[in-house]
Amino acid sequence: MSNQEEKGTTTDKLVDAYERMLKHTHEAIDKTQAETAPRFREILEKARDNMVELGELTREEAHKVSDYIQRDVEDAASYIAETGQDIRDWWRFDLQLIEQRMMDMFSKVADQTSLQLAQWAETARQMSLYQAGEVTGPGTLVCDRCGAETHFVKAGRIPACADCGGTAFRRRNSESETKG
C-alpha cells in the first residue's frame, strides 16, 4: 500500500473514529449526568480503551483520536469560560450545516466540562494550534499564516491552507475576528 493510500485509509478511519469516540463519550456522560462532576478525561479514556479492545483502532490511533476530541472540547470549554458566549458562537457558522446528532453530542460533552474549565483553560492556551493532518470536529479554523478560513461541518482531517499552504490553524473566535 502506498503512503497516499495508507493516509487516505487512515484519514477515513480516524475521522469515523472521532465521531464514534465522541458518541461513546456522550453516552457515558448521559449515564453519569447525576454526578456532580463527571470526569471527562476518565470517560474519554474508557471510550478510547474500549475501541482498542474491540479492535476498532490501534492504541496509537485511539490516542490520536482521543487527543483530538480532548483538544476540541478543551478549546470550546476555554472559549465559553473566557467569553461567556454560547458554544454556538464557538462554531461560528450556520448550525443548520452541522448534523444534529453531532451538535447534540459535542454540546453535551462541552457543557458537562464546566467544572473543569479553569484547569483546561491553561492547557487549551498552550495547545491552541491545530495542525494540518490532524482530525477536528465542526467549526471554522483560521490559517495562522494568512488568515484564510477552513470550515468543517462535521469531523474531518485538517488540510493545508488552500490559499498559502500553511499548516497551523487557530479556532476562529471573537478575538481573532477583531484582529483579522
Would a 4.5 Å heavy-atom cut-off, applied to side chains only, mark S66 and E45 as touching? no
Rounded at 0.5 Å granularity, tell me how far OG1 in T25 sits from CG in L44. 4.5 Å
Could you tell me the separation between the OG1 atom of T140 and the NE2 atom of H151, rounded to the nearest 0.5 Å? 5.0 Å
Should K64 and E134 count as an ion pair when the cut-off is N to O under 4.0 Å? no
Flag side-chain contact, heavy atom, 4.5 Å: R170 against L141: no
Between R157 and F152 the two heavy atoms that sit nearest each other are O-CE2, 3.6 Å
In residues 47-59, what donor-acceptor pairs under 3.5 Å come from side-chain atoms, sequence neighbours left out?
unit_1: R48; atom_1: NH1; unit_2: H63; atom_2: ND1; d: 3.4
unit_1: D49; atom_1: OD1; unit_2: R59; atom_2: NH1; d: 3.3
unit_1: E56; atom_1: OE1; unit_2: R20; atom_2: NH1; d: 2.8
unit_1: T58; atom_1: OG1; unit_2: E61; atom_2: N; d: 3.1
unit_1: T58; atom_1: OG1; unit_2: E61; atom_2: OE1; d: 3.3

D72 and Y18 side chains, donor-acceptor separation under 3.5 Å: yes
Would you check if there is a donor-acceptor pair between the side chains of T136 and R171 at a distance under 3.5 Å? yes
For A155 and V15, work out which heavy atoms get closest and say how close. O-CG1, 3.2 Å
Spatial distance of atom SG (C164) from atom CG (D144) [nearest 0.5 Å]: 9.5 Å
Result for side chain to side chain contact (heavy atoms under 4.5 Å, CB included) between M21 and one of V65, L14, D16 points to V65
Check whether any side-chain heavy atom of V153 lies under 4.5 Å from a side-chain heavy atom of P138, and answer yes or no. no
Taking all non-hydrogen atoms of both residues into account, name the closest pair between C146 and D163 and its distance. SG-CB, 4.0 Å
For residues G166 and C143, report the shortest heavy-atom separation together with the two atoms involved. CA-SG, 4.2 Å
Measure the shortest side-chain to side-chain distance between F169 and I158 over non-hydrogen atoms and say whether it is less than 4.5 angstrom. yes
